[in-house]
Amino acid sequence: MQGITAAQLKAIAGSGARSDLVAAIVRGWPNAVAKAGLTTRLRAAHFLAQIMTETGGLAILEESGAYRWQTILKVFGARQYSVQYGGRGHSAGVTPDEAKRIAALPVAQRGVVLFNRVYGVGNPTKMREFKNTGPNDGWLYRGGGMMQATGKSNYAKMAKKTGLPLVEHPELLHQPDSAFMAAYLEWAQDGRCNTAADRDDVVEVRQIINGGRNGLAECRKYLAKAKQALADYSAAPVASFVALDPAADQAAVEAPSDPAPAPPNVQPLDPAVVGDPVLFDVQRRLKARRYRPGVIDGRWGSGTSGALSGFMNDRGLALAMPSSVDEFHGIADQVRAELSDAEAENWFRPVSEARAAADPNVVTQLAPEVVPAKRNYLTALWGSIVAGVSAVWQTVSGYVSDAWDFFTDHRDVVDDHPGMVSTLWSYVAGVPSEVWLLLGAGGLAFIAYNSWHAIKTSTLSVQTGERQ
């Protein structure tokens, strides 16, 4: 096969993949093959594994900064605080009080303050390393693109490779097509990535792209999926290359706003989407975090309202609760940024210890149908056991006795006994109670199984927080 399909990319990326990023990769794949030499399954798989790792499964193109204070401490905190949340410490040395102050800011301000503090003038170490000397450079040159370049110095290096004016217009690295172009040109820079990929050395590839081993575990998982999805992949070397037009991209950035622009959070319509595509995406992701938006249909309703309210409350999002799809679009960017943060943290709806331990009182209160289900289960189970044992005993003892009598009485004429069929039928007609007992046992066992399954399903929904 010469190219790559959207289905393959979604199989690798998972359910959170953005349609616009998937489309950009499919569209730009011939150029990637031509410039980066992605002519083998191993090269393509390793390249995509790196992209998936850096974008969280094609979910983000830029650091949002809309983090909770715990996440800020984990990633940017002083070592003594960072390690408490699974981090390793950062040169910014953010303290708990500072993290809480930043996290309390409105989402629109939080990222600007955070990144200027940790990447820019607020952190002299990174300011010098990244050459982020401008007062807003930490924010402008935050992590962006499909290989997550960070800092003005790295944006400048990427500009030389791509021909895009990334220093003057860093937002270009946050756009799907130019971000993908920068990714495959980064991969192709000196041939080291393909050499390591040919050896199937994921550690070395990660070192080249990331400068360390951050995200190595996630990268291994994506690599395994990529190898499976690209089982039949092959691509002949391509000589042609259709370059992006930097002037056109810059013009698009500088063009005046349309008098009636679409909401900034609108994305291309996925074939699986019904209703509003952005709301559909949020509903699906809320359900994955164990909230219950009701039917995933891209339409506003009480289920969606309740799930969204619960998520915002649990994550500390101080946003006005929408009452319609139109109002939802006013906060959609912040909600999706928080969902991406939650997904990156592997965070799920918090539950109490009593819920998690399936305390009978809690389960009964939230899922009252469990009580009659347990009663039905026990009654049906014991009834099935009694009926089954009775049927087996009667059937076995009766048939053994009848068979022995039949054999001893007819052992000389079994082969040609003229009444054989009639005799066998009389035995079948003579043991209806055993048959009915077995059928009854089977029916009761089926009822018991269904009751048990209902109990487990309801209890699990309470334990995970889906049932409120």
Side-chain angles (χ1 to χ4, degrees), residues 1-18 21-22 24-26 28-29 31-63 74-75 86-88 90 143-150 154 157-158 161 173 179-235 237 340 343-346:
M1 112 187 181
Q2 293 294 318
I4 199 164
T5 66
Q8 288 172 315
L9 291 172
K10 290 178 181 178
I12 301 168
S15 60
R18 282 170 43 183
L21 301 190
V22 170
I25 294 176
V26 172
W29 194 257
N31 283 349
V33 173
K35 296 297 289 186
L38 305 177
T39 56
T40 69
R41 171 173 169 262
L42 273 179
R43 291 182 180 184
H46 277 273
F47 171 68
L48 288 174
Q50 296 299 322
I51 283 181
M52 301 298 172
T53 302
E54 295 297 331
T55 61
L58 297 182
I60 57 173
L61 269 188
E62 58 186 289
E63 290 183 275
K74 175 183 176 181
V75 179
R88 298 185 299 176
H90 191 274
M146 291 190 183
M147 290 295 187
Q148 286 292 293
T150 304
N154 289 317
K157 292 176 183 177
M158 196 69 73
K161 296 172 185 176
L173 202 53
F180 182 56
M181 177 183 180
Y184 62 69
L185 291 176
E186 173 77 7
W187 178 273
Q189 59 182 323
D190 53 17
R192 290 190 299 152
C193 287
N194 277 339
T195 299
D198 290 342
R199 296 195 307 268
D200 201 13
D201 189 345
V202 65
V203 176
E204 178 64 18
V205 175
R206 191 72 192 137
Q207 180 72 37
I208 295 168
I209 295 299
N210 179 258
R213 298 190 179 186
N214 291 334
L216 181 59
E218 291 82 0
C219 192
R220 290 186 190 276
K221 294 177 184 178
Y222 284 125
L223 178 60
K225 291 183 179 180
K227 288 178 178 178
Q228 183 176 2
L230 303 180
D232 300 324
Y233 178 85
S234 65
S340 295
E343 290 159 354
E345 298 168 15
N346 198 32

Visitor: Grab the two heavy atoms, one from Ala11 and one from Ala229, that are nearest each other, plus how far apart they are.
Guide: CB-CB, 4.5 Å
Visitor: Residues in side chain to side chain contact (heavy atoms under 4.5 Å, CB included) with Leu9, at least two apart?
Guide: Ile4, Val22, Ile25, Val26, Leu48, Met52
Visitor: Got a second to check how far Arg18's CZ is from Thr55's OG1, nearest 0.5 Å?
Guide: 9.0 Å
Visitor: Shortest non-hydrogen contact from Ala32 to Tyr184?
Guide: CB-CD2, 3.5 Å
Visitor: Distance check, rounded to the nearest 0.5 Å: Met147 atom CE versus Gln50 atom CD?
Guide: 6.0 Å
Visitor: Between CG of Asp201 and NE2 of His46, what distance do you get to the nearest 0.5 Å?
Guide: 7.5 Å
Visitor: Please name all residues satisfying side chain to side chain contact (heavy atoms under 4.5 Å, CB included) with Thr40, sequence neighbours left out, ordered by chain then number.
Guide: Leu42, Arg43, Asp198
Visitor: Can you name the residues that form a side-chain hydrogen bond (donor to acceptor under 3.5 Å, both in side chains) with Arg199, not counting sequence neighbours?
Guide: none
Visitor: Taking only residues two or more places apart in sequence, or in another chain, which ones meet Glu345 in a side chain to side chain contact (heavy atoms under 4.5 Å, CB included)?
Guide: Arg68, Thr71, Arg315, Asp341, Trp347
Visitor: Check Ala196 against Val205 and note the closest heavy-atom contact, atom names and distance.
Guide: CB-CG2, 3.6 Å
Visitor: Could you list all the ring pair (Phe, Tyr, Trp, His ring centres under 6.0 Å) pairs where at least one residue sits in residues 187-211, not counting sequence neighbours?
Guide: Phe47-Trp187
Visitor: CG of Asp232 to CD of Gln8: how many Å apart, nearest 0.5 Å?
Guide: 8.5 Å
Visitor: List the residues meeting side chain to side chain contact (heavy atoms under 4.5 Å, CB included) with Glu63, not counting sequence neighbours, and say none if there are none.
Guide: Tyr67, Phe76, Phe115, Tyr119, Arg142, Gln148, Thr150
Visitor: Does the side chain of Asn194 come within less than 4.5 Å of Thr39's, by heavy atoms?
Guide: no
Visitor: Looking at every non-hydrogen atom in both residues, tell me the closest pair between Ile60 and Ser340 and how far apart they are.
Guide: CG2-OG, 3.8 Å
Visitor: Going from CG on Leu216 to OG1 on Thr53, what distance comes out if it is rounded to the nearest 0.5 angstrom?
Guide: 8.5 Å
Visitor: Got a sec, which residues hit salt bridge (Lys or Arg N to Asp or Glu O under 4.0 Å) with Glu343, two or more places apart in sequence or on another chain?
Guide: Arg285
Visitor: Using every non-hydrogen atom in the two residues, find where Gly145 and Ala179 come nearest and quote the distance to one decimal.
Guide: CA-CB, 4.0 Å
Visitor: For Asp190, enumerate each residue passing the side-chain hydrogen bond (donor to acceptor under 3.5 Å, both in side chains) test, keeping only those at least two apart in sequence or located in another chain.
Guide: Arg192
Visitor: Rounded to the nearest 0.5 Å, how far apart are NZ of Lys35 and CD of Gln189?
Guide: 13.5 Å
Visitor: Are any non-hydrogen side-chain atoms of Val202 and Tyr222 less than 4.5 angstrom apart?
Guide: no
Visitor: So does Gln228 have more than 12 non-hydrogen atoms from other groups sitting under 6.0 Å from CD?
Guide: no
Visitor: Looking only at heavy atoms, which two atoms of Ile51 and Phe180 are closest? And how far apart?
Guide: CD1-CE1, 4.0 Å
Visitor: May I have all residue pairs that pass salt bridge (Lys or Arg N to Asp or Glu O under 4.0 Å) and include part of residues 202-226, sequence neighbours excluded?
Guide: Glu54-Arg206
Visitor: Taking salt bridge (Lys or Arg N to Asp or Glu O under 4.0 Å) as the definition, give me every residue that meets it alongside Arg88, ordered by chain and number, with sequence neighbours left out.
Guide: none
